[in-house]
There are 2 protein chains.
Amino acid sequence: MKLNTKSRYAVMALADMAVFSCDNAVSLRDISLRQGISLLYLEQIFLKLKKNNIVKSVRGINGGYILVKSPKELKISDILLALDQKVKTIGCKKDSKKSCNGKSTKCITHNFWDELDIHINSFFESKKLIDLLKHREARL
Amino acid sequence: MKLNTKSRYAVMALADMAVFSCDNAVSLRDISLRQGISLLYLEQIFLKLKKNNIVKSVRGINGGYILVKSPKELKISDILLALDQKVKTIGCKKDSKKSCNGKSTKCITHNFWDELDIHINSFFESKKLIDLLKHREARL
DNA sequence: TATATACCCGACTAAAATAGTCAAGTTTTT
DNA sequence: AAAAACTTGACTATTTTAGTCGGGTATATA
Ligand code: FES
Ligand code: FES
């Protein structure tokens with residue numbers, strides 16, 4: 001049960017932007033250097049963030065990305081959603097007719113995993129980007 | 001961010017035992033049939049459960065497995081632990097000197113992921129096996 | 001207007017994790 | 001003796017992950 005690096009890097013990069021941007025665009029190159037994330041990988045990540053309206057881009061020289069919402073308003077759940085990182089701890093789809101075991105009835109544990117998903121999601125919903133910056137003595 | 005099937009099946013199988021055992025051993029064959037889980041896979045899972053003292057085995061004919069603790073006392077976190085399913089949402093080890101990015105300082109998001117882990121773990125700690133059996137109308 | 005900077009985008013791939021199987025046992029009850 | 005059921009390690013196909021690559025396009029500035 002671990003988060004993938006894409007989601008992790010996305011949160012990291014956006015946190016970086018929140019720290020360093022003074023309303024002007026932050027280039028991926030800078031984020032890459034500061035946070036030690038591959039530039040090519042960041043591009044892939046920001047493509048999704050842009051498509052999902054988490055950031056907007058400024059092209060050309062001195063270009064980069066800008067946060068659409070303020071760190072105070074941007075929920076972590078929004079970020080994860082942008083990266084298709086569904087918090088679905090099991091395979092069994094809520095809407096699908098098929099349950100996890102291929103049968104038509106729900107398995108004995110179904111409700112429990114549902115509860116778990118809700119529990120985790122509510123955490124991500126409750127946290128905003130700005131919450132990451134509270135105690136940042138430990139930042140590089 | 002999903003749970004692996006081993007953990008899922010483990011919880012499922014133990015819940016099955018809690019429902020069907022009347023103090024006598026439950027064979028993996030029966031669990032396999034009732035829950036639709038591969039017998040061979042169950043064997044692998046129960047090996048770990050046994051090593052971690054979640055179940056004990058009774059060999060020979062009419063043998064099977066028995067829960068060591070009562071469903072009222074068996075925490076879900078114990079089950080997951082037995083299957084090495086650490087709830088460590090990121091790679092960065094708490095004790096290791098190395099942080100997620102290979103640097104010696106903790107990254108900007110470190111504390112947040114720690115909080116997340118605690119949040120999830122506390123859920124698994126708070127839930128007992130018996131909690132899964134509450135509303136089991138939906139059981140097969 | 002040349003050019004460097006930086007975003008854009010799809011396709012590709014190596015490596016790791018997962019999910020599950022197989023073979024060859026051992027133990028115990030009937 | 002035979003059958004049921006646990007024991008164990010090794011093996012493998014598939015999927016997912018974590019990235020890379022190549023070839024773009026847009027724009028500020030010199
Ligand atoms: S039926 Fe939904 S988790 Fe098994
Ligand atoms: S340093 Fe621990 S998560 Fe990055």
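In what follows, chains carry the letters A, B, and so on, assigned in the order in which the sequence lines appear, proteins first and then strands, with residues in each chain numbered from 1.
- The phosphate of C:dC7 has neither OP1 nor OP2 within less than 4.0 Å of any side-chain N or O from A:Ser27.
- In this structure, CG of B:Leu42 is placed 15 Å from C1' of D:dT7, rounded to the nearest angstrom.
- Put simply, the side chain of B:Asn121 gets close to the backbone of B:Asp117: a donor and an acceptor are under 3.5 Å apart.
- Side-chain atoms of B:Arg59 come within donor-acceptor range of the base of C:dT26, with a qualifying N/O pair under 3.5 Å.
- For the pair A:Ile45 CD1 and D:dT20 P, the interatomic distance rounds to 11 Å; values are reported in whole Å.
- For D:dC6, neither phosphate oxygen OP1 nor OP2 lies less than 4.0 angstrom from any side-chain nitrogen or oxygen of B:Lys50.
- For the pair B:Thr109 (side chain) and B:Phe112 (backbone), a donor-acceptor distance under 3.5 Å is absent.
- Rounded to whole Å, atom C1' of D:dT25 lies 15 Å from atom CD1 of A:Ile61.
- Note on B:Tyr65: only backbone sugar-phosphate atoms sit closer than 4.0 angstrom, heavy atoms only; bases stay farther off.
- Contact annotation: B:Tyr9 side-chain N/O to C:dG20 OP1/OP2 distance is under 4.0 Å.
- Checking the phosphate oxygens (OP1, OP2) of C:dA19, no side-chain nitrogen or oxygen of B:Lys6 falls inside 4.0 Å.
- Listed pair A:Ser57 / C:dC7 fails the phosphate criterion, with no side-chain N or O lying under 4.0 Å from OP1 or OP2.
- Protein atom CG of B:Asn52 is 16 Å distant from nucleotide atom C1' of D:dT7, rounded to whole Å.
- Taking only side-chain atoms of A:Tyr41, from C-beta outward, the nucleotide of C:dT21, D:dA5, D:dT20 with the closest atom is D:dT20.
- Between the C1' atom of D:dA4 and the CG atom of B:Leu28 lies a distance of 12 Å, rounded to the nearest Å.
- Summarising the geometry, the separation between CG on B:Leu47 and P on C:dT21 is reported as 16 Å, rounded to the nearest angstrom.
- Between D:dT7, D:dA5, D:dT27, one nucleotide has an atom nearer to the side chain of B:Glu43 than all others, and that is D:dT7.
- Under a 3.5 Å cut-off, the side chain of B:Ser32 and the backbone N or O of B:Ile37 do form a donor-acceptor pair.
- No side-chain N or O of B:Tyr9 forms a donor-acceptor pair with one of B:Ser38 less than 3.5 Å apart.
- When each of A:Lys51 and B:Leu39 is assigned the nucleotide of DNA chain C with its nearest heavy atom, A:Lys51 is the one assigned upstream, toward the 5' end.
- Checking C:dT27, C:dG20, D:dA18 against the side-chain heavy atoms of B:Gln44 singles out C:dG20 as nearest.
- Distances from the side chain of B:Leu40 to the nucleotides D:dT29, D:dT27, C:dC22 place C:dC22 closest.
- Set against C:dT26, D:dA18, D:dA5, the side chain of A:Thr5 has D:dA18 as its closest nucleotide.
- Contact check, A:Asn62 against C:dT5: no side-chain N or O comes under 4.0 Å of OP1 or OP2.
- Side chain to side chain, B:Ser122 and B:Glu125 fail the donor-acceptor criterion of an N or O pair below 3.5 Å.
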